[in-house]
Amino acid sequence: MATPKRFALTIFQKILAAMLFVALVPLCVIWYIDYKNAIDQTTRSINQQLAEVADKLTGTVNAWITTHVKLLNQNAALPDVRSMETARQVPILQAILKEYEWSYLVHTIGPNGMNVGRSDEKAPINYADRVYFKSVMDGKPMGQQTLISRTNNKPALILSAPIYGPGPTPADRGPIAGVVAIGVSIEELSDRITNLRIGKTGFAFLLDEVGQVVAHGKLAFADKLADFSKHPAYVGKPEKGTAQIRYNDAGVPVIAFAGRTNNGWTLVVQQSHDEAFAAVEEANRNAILLLAATLVVATLVAYVFSQGIARPIRSLTKAADELSRGRADVKIDEVRRGDEIGALAGAIERMGTSIRLAIERLRVQSASANRVQRTEVANQ
């Protein structure tokens, strides 16, 4: 039973595979390293840019809040305000309103939640249910609440500070006698945040301490104080500082940085992943096209070169096979080559010549032996 012939690569296939391996593997390694380095460098650049913007805007919000809180504390310390007398407080409240054009109401509240003084001189209103009032009365140094104002029906921020009653001496302060509060339009702060753009898709938005939208490029969110308490940026907000967050916004992958302000708000800066990495992806597509073109060229060159080596070897193999079958007149064209294959062809040609001469000698000897034998037979 004949032994089945095992599969084996031809010398042409081996040379072709070796040349492609040598030509393409380094290119693929270089492409991968360059692509990975480009991704890493772009990621660092994007993270740095978004983090810097987030830090800058967070600082803007902190400064904006601090300015108003200082304003409240400074005026809360005035004797006329500490008196908790309406006639003495109203002129000061009206002066504050006139000085700060983005404010729409400055008022004081007694411990029972009822207005004591108002900058608009309207009838007193009960604010006992307001968070900013209850926070200060519970001992916090400041209170805040984002809401739709009862005064102008627009989103607003109310900041509050305690008013301390007189102490044993003018320099001392007694227990909390009431609360001073200022209602400010969010529009000015919102403009500072929403006017910032990063590329075509990058923007920032601001959420308050409970996840309501304070500032957003889409007015439908900001005007209604939309609830973003389940938004990935709010859920993943850091306890302090800034942190990177990745999520899908309306089905679009985005890269975002969320930062916490001093008053507990969340400032988010985001940009779509596709835009952020567009330059890298374009460079990668160009690199892949170049790699594909290189593959085609390398394959053609390797094919031609491999054929140039394999073809004469196949020819010499055929010539050697013919010699083994007794055909000593085989013509070998490769003897004209000046390389090792030419030397091998010359050796095979010389072997053919030797075989032909040996056959001639054997033929002569055989003929001579036949004549001798015929002569002996004739003489008998």
Linking I/L/V/M/F/W/Y whenever their side-chain heavy atoms sit closer than 4.5 Å, directly or via other members, would [X] and [Y] fall into one cluster?
| X | Y | result |
| --- | --- | --- |
| Val210 | Tyr132 | no |
| Val90 | Leu105 | no |
| Leu207 | Phe257 | no |
| Ile288 | Ile30 | no |
| Ile158 | Val213 | no |

Minimum heavy-atom separation for [X] to [Y], with atom names?
| X | Y | answer |
| --- | --- | --- |
| Ile193 | Ala215 | CD1-CB, 4.2 Å |
| Ser272 | Thr201 | OG-OG1, 3.1 Å |
| Val179 | Met137 | CG2-SD, 3.8 Å |
| Ile198 | Glu275 | O-OE1, 4.0 Å |
| Thr242 | Asp55 | CG2-OD1, 3.1 Å |

query = Quick one: does Phe203's side chain get under 4.5 Å of Gln270's, heavy atoms only?
reply = yes
Please assess Lys36 against Asp40 for the test salt bridge (Lys or Arg N to Asp or Glu O under 4.0 Å), listing each intermediate value before the final yes or no.
CA-CA 6 Å; Lys36 188 175 183 302; Asp40 292 342; 3.3 Å; yes
Is a donor on one side and an acceptor on the other found under 3.5 Å between the side chain of [X] and the backbone of [Y]?
| X | Y | answer |
| --- | --- | --- |
| Ser190 | Ile186 | no |
| Arg82 | Gly165 | yes |
| Tyr127 | Lys134 | no |
| Ser45 | Gln41 | no |

Audit row: Gln212, Thr146, side chain to side chain donor-acceptor pair (under 3.5 Å) steps and yes/no: CA-CA 8 Å; Gln212 294 184 118; Thr146 309; 5.0 Å; no
Subject >> Qualifying residue for side chain to side chain contact (heavy atoms under 4.5 Å, CB included) with Leu57, from Asn62, Leu267, Leu206, Val268 >> reply: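 Running side chain to side chain contact (heavy atoms under 4.5 Å, CB included) over Asn62, Leu267, Leu206, Val268 with Leu57 returns exactly one hit, Leu267.
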Go through Asp138 and Lys140 one step at a time and tell me if the salt bridge (Lys or Arg N to Asp or Glu O under 4.0 Å) criterion holds. CA-CA 6 Å; Asp138 288 340; Lys140 292 185 178 179; over 6 Å; no
